[in-house]
Amino acid sequence: MAERRIALVTGASKGIGASIAVALARNDCDIWLNYEKDHSAAAKTAAEIQSLGAVCLPLPFDVRNPLEVQANLEPLLENQTPFILINNAGFSRDAAMVWMTGSEWTDVISVTLDGFFNVTKSVLPGMLRRRAGRIINIVSTSGESGMAGQANYAAAKAGLIGATKSLAKEIGKRNVLVNAVSPGFIETNMTSGLPKERIIPQIPLGRFGTPDEVASVVVFLCSDAASYITGEVISVNGGVYM
């Protein structure tokens, strides 16, 4: 990336989102760093981004809430348009469906899909006017293969894969590229309680991945080297699902 570009990353206070934000900052991007509640983690990530010489604007809002999204983004979008949008916000609430509560279903679906819609809808007009942009949606192996105990999370991520492909077809002619990156088992807080001794034998590469390995694929998709790639789902999963 030759010039400094703006990247809006949702759910970026920690984990994969934070690694993506830092990696983009390292590659000549200034960061609009969205998160919901974890101010201390966001401050730590922002400090790391700023140490790289990038501008970091923390944006605490709930991506599910269209009024919060509008209030935070509209004043910024009047004068600036991100070249990159990373829809990373999401979380899991695992349970077998027979015991899953209504809120466990709707909350997981809403953060992933309503969050994608609300944030993308806000940023998209500026990208289309400029005829330039990259939208990367962070999905999951669960949304490709299904996973027991994750009907809500798998449905949300599968839905986001479908939205990725549909949007890519809609806006490709305006040179706005839309892709998805699909992590498998990655070393984050979300996977810290999983039984690794049972999971690792199922992974051909024999280990969990790192957030930085996911971030490197995102950086590639945001670069000029990926200018002929759109509508794709790129897996970063160690071969656990092919």
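Bear in mind that the values here come from a model prediction, so they are computed numbers and not experimental data.
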Report task. List the atom of Ser140, the atom of Lys157, and the distance in Å for their closest heavy-atom pair. Result -> CB-CG, 3.8 Å
Query - Spatial distance of atom CZ (Arg26) from atom CG (Leu52) [nearest 0.5 Å] - result: 5.5 Å
Query - Between OG on residue Ser166 and CD1 on residue Ile161, distance to nearest 0.5 Å - result: 12.0 Å
Query raised in the report: Considering all heavy atoms of both residues, which atom of Pro82 and which atom of Met127 are nearest to each other, and what is their separation?
Result: O-CE, 3.5 Å
**Report entry** Separation of Ile199 CD1 from Arg207 CZ (nearest 0.5 Å)
**Finding:** 15.0 Å
Query raised in the report: By side-chain contact (heavy atoms from CB on, under 4.5 Å), which residues pair with Ser235, not counting sequence neighbours?
Result: Glu144, Ser182, Asn237
Query raised in the report: Quick one: side-chain contact (heavy atoms from CB on, under 4.5 Å) partners of Ala168, sequence neighbours excluded?
Result: Val178, Thr230
Query raised in the report: Just by modelled atom types, is the Ile16 backbone N or O under 3.5 Å from a matching donor or acceptor in the Ser19 side chain?
Result: no
Query raised in the report: Of the options Lys37, His39, Glu36, which is the one that meets Pro60 in a side chain to side chain contact (heavy atoms under 4.5 Å, CB included)?
Result: His39
Query - Under 3.5 Å: donor-acceptor pair, side chain of Thr10, backbone of Ala89 - result: yes
Requested in this report: Decide whether Asn137 and Thr164 meet the rule of one side-chain donor and one side-chain acceptor closer than 3.5 Å.
Outcome: yes
Query raised in the report: Any sub-3.5 Å donor-acceptor pair from Asp28's side-chain atoms to Arg4's backbone N or O?
Result: no
Report summary line: Taking every heavy atom of Val236 against every heavy atom of Val181, the minimum-distance pair comes out as CG2-CG1, 3.9 Å
Query raised in the report: Taking all atoms of both residues into account, what is the closest heavy-atom pair of Glu68 and Asp62, and its distance?
Result: OE1-N, 2.8 Å
Query raised in the report: So how far is it from Leu73 CG to Trp32 CH2, rounded to the nearest 0.5 Å?
Result: 7.0 Å
Query raised in the report: So, does Asp114 use its side chain to make a donor-acceptor pair with the main chain of Arg64 at under 3.5 Å?
Result: no
Query raised in the report: When Asn87 is tested against each of Ile138, Ile135, Val9, Asn118 for side chain to side chain contact (heavy atoms under 4.5 Å, CB included), which residue passes?
Result: Ile135
**Report entry** Side-chain donor-acceptor contact under 3.5 Å, Ser223 with Asn27
**Finding:** no
Query raised in the report: Shortest non-hydrogen contact from Leu113 to Ala156?
Result: CD2-O, 3.5 Å
Query raised in the report: What residues, two or more places apart in sequence or in another chain, satisfy side-chain contact (heavy atoms from CB on, under 4.5 Å) together with Phe117?
Result: Lys121
Query raised in the report: Hey, is the main chain of Leu128 close enough, under 3.5 Å, to the side chain of Arg174 for a donor-acceptor pair?
Result: yes
